[in-house]
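To keep things clear, I will list the structure first and then write my remarks on it.
In listed order, ligands and their atoms are each counted from 1. Because the structure is a prediction, the values reported are computed rather than measured.
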Amino acid sequence: MMLLVVGAGGYLGGEVCRQAVAAGEQVAGTVHRTPVRLPGVPSYPLDLRDRVAVRDLITRLRPDVVVNTAYRIDDWAVTADGAAHVALAAAEAGARLVHLSSDALHAGRPAPYGDDVAPTPVYPYGAAKAAAETAVRAIDPRAVLVRTSLIVGDERSKQVQLCLDALDGRARLFTDEFRCPIAVQDLAGAVLELAAADHAGVLNVAGPEAVSRAELGVLVARWRGIDPARLATSRAADQPQARPADVRLDSRRAVGLLTTRLRAVSEIFAA
Ligand SMILES: NC(=O)c1ccc[n+]([C@@H]2O[C@H](COP(=O)([O-])OP(=O)(O)OC[C@H]3O[C@@H](n4cnc5c(N)ncnc54)[C@H](OP(=O)(O)O)[C@@H]3O)[C@@H](O)[C@H]2O)c1
């Protein structure tokens, strides 16, 4: 299987490449601003906003599978239009598409969200991820859209970095914003399983345990041997811009489909 990872320089993209190479797959990656050297992975410069460049690269490489992990939190042209460009090019090349989506497209509510719940975005990033899903599903109904949550692991995770910043007084973690974090290794394993499967449509792939961002900060503090009392916190409800507060993804369908175990966040940071 020849796999093209779009966003290979990113946290998830890098881990997908690493695991695919370890499994003996042929892997290529696209890079944007950050040059990366991944052993065994040729990299190709690509700006997703350039529809013709996306089409040219995918037509030239003819991958069996395209995994699109790329996004920019504040750029609609990358997150939404770019996802459509990748879906069009992958469909034209006959490649299976695994598109990475986000829990951020939900508004937030106390009840967990099933896989088939339609987006209800409350802020621009969530709206861009929702638009991306609509485009991908319309262009390629056979694509799988992986809705995931906070991606955690080591210090390269922006979520872990935010926790470390809050332990150092450089950021504040919300006590009233809940998510279901997932380990980058588990998510990459799930992505590669789905790359080789034929599941179509949206699939929630997140951890089984919901925590507030502040609770995540406490877990990271203990994992790093830092006093959790140093954690700076605040409330999402006090922020000027609306944010999705309580977003718990119900990933039971994924658990039934996948052999990769999706670990609870307290287990991930227990070691
Ligand atoms: N991180 C989370 O906690 C989280 C939570 C829920 C869902 N997700 C979803 O999971 C996926 C992976 O997240 P991640 O944290 O691994 O992302 P990441 O580390 O920020 O990587 C994103 C990648 O996208 C690339 N990119 C940005 N603009 C681009 C452009 N114009 N053209 C081509 N590539 C571009 C970046 O390259 P440069 O840096 O070189 O520009 C980077 O390699 C995303 O789809 C995200 O929406 C993430």
Side-chain angles (χ1 to χ4, degrees), residues 4-19 29-38 41 43-54 57-58 66-87 89 97-106 113 119 121 123-133 136 144-163 177 179-188 190-191 202-207 211 213 216 220 243-244 247-249 251 265 268:
L4 176 66
V5 178
V6 178
Y11 191 43
L12 175 62
E15 179 63 16
V16 170
C17 290
R18 195 191 63 75
Q19 288 190 19
T30 78
V31 294
H32 182 232
R33 292 191 307 208
T34 323
V36 281
R37 262 201 56 76
L38 294 163
V41 181
S43 65
Y44 300 87
L46 184 69
D47 187 332
L48 284 196
R49 292 168 295 189
D50 184 339
R51 187 171 60 87
V52 174
V54 173
L57 183 70
I58 292 179
V66 175
V67 177
N68 183 13
T69 69
Y71 82 115
R72 180 82 59 207
I73 197 158
D74 57 358
D75 194 337
W76 184 281
V78 178
T79 306
D81 299 357
H85 298 160
V86 172
L97 175 61
V98 183
H99 167 81
L100 265 295
S101 188
S102 173
D103 56 4
L105 52 67
H106 291 305
Y113 286 95
Y123 69 162
Y125 170 56
K129 293 301 280 190
E133 279 198 2
V136 169
V144 61
L145 297 85
V146 176
R147 274 188 195 159
T148 194
S149 189
L150 306 183
I151 304 173
V152 297
D154 58 18
E155 289 78 359
R156 290 171 299 166
S157 154
K158 52 175 80 83
Q159 308 301 345
V160 170
Q161 200 52 59
L162 183 64
C163 293
E177 191 170 287
R179 297 289 188 271
C180 295
I182 183 166
V184 69
Q185 297 88 349
D186 300 352
L187 182 56
V191 161
V202 173
L203 187 67
N204 290 341
V205 182
V211 288
R213 285 184 176 273
L216 177 61
V220 168
R243 295 179 56 87
V247 184
R248 301 162 197 249
L249 294 184
S251 300
V265 64
I268 297 165

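If you number the atoms of ligand 1 from 1 as listed, the ones under 4.0 Å from a heavy atom of R49 come out as 31 (N). Ligand-side atoms of ligand 1 in range of T69: 11 (C), 12 (C), 44 (C), 45 (O), range being under 4.0 angstrom from any heavy atom. Those atoms of ligand 1 with a heavy atom of D47 less than 4.0 angstrom away are 30 (C), 31 (N), 32 (N). Per-residue contacts place S102 under 4.0 angstrom from the following atoms of ligand 1 (heavy atoms of the residue considered): 6 (C), 7 (C).
Polar contact check, L150 against ligand 1: no nitrogen or oxygen pair lies under 3.5 Å apart. At under 3.5 Å, a nitrogen or oxygen of K129, whether backbone or side chain, sits near a nitrogen or oxygen of ligand 1. Checking only distances, H32 does come within under 3.5 Å of ligand 1, N or O to N or O. The shortest N/O to N/O separation between A70 and ligand 1 does not fall below 3.5 Å. Some N or O of T34 is nearer than 3.5 Å to an N or O of ligand 1, by distance alone. The distance criterion of under 3.5 Å between nitrogen or oxygen atoms is not met by G13 with respect to ligand 1. Considering backbone and side-chain N/O of V78, none are found under 3.5 Å from N/O of ligand 1. The shortest N or O to N or O distance between T148 and ligand 1 is not below 3.5 Å. Residue N68 has no nitrogen or oxygen atom sitting less than 3.5 Å from a nitrogen or oxygen atom of ligand 1, judged on distance alone.
Closest to atom 9 (C) of ligand 1, if we only count protein heavy atoms, is S101 O, 3.9 Å. What sits closest to atom 48 (C) of ligand 1 on the protein, heavy atoms only, is I151 CD1, 3.5 Å. Closest to atom 41 (O) of ligand 1, if we only count protein heavy atoms, is R72 NH2, 2.5 Å. Among all non-hydrogen protein atoms, the one lying nearest atom 5 (C) of ligand 1 is S149 O, 3.1 Å. Atom 33 (C) of ligand 1 has as its closest protein heavy atom L46 O, 3.2 Å. Scanning the protein heavy atoms around atom 18 (P) of ligand 1, the nearest turns out to be K158 NZ, 3.5 Å.
Between Y113 and H106, the ring-plane angle classifies as parallel under the 30° and 60° cut-offs.
A side-chain donor from one of R213 and Q159 sits under 3.5 Å from a side-chain acceptor of the other. A donor and an acceptor atom, one from each side chain of Y11 and D154, are located under 3.5 Å apart. Between the side chains of S251 and N204, not a single donor N or O lies within less than 3.5 Å of an accepting N or O.
Looking only at distances, a side-chain donor or acceptor of H85 sits under 3.5 Å from a matching main-chain atom of L48.
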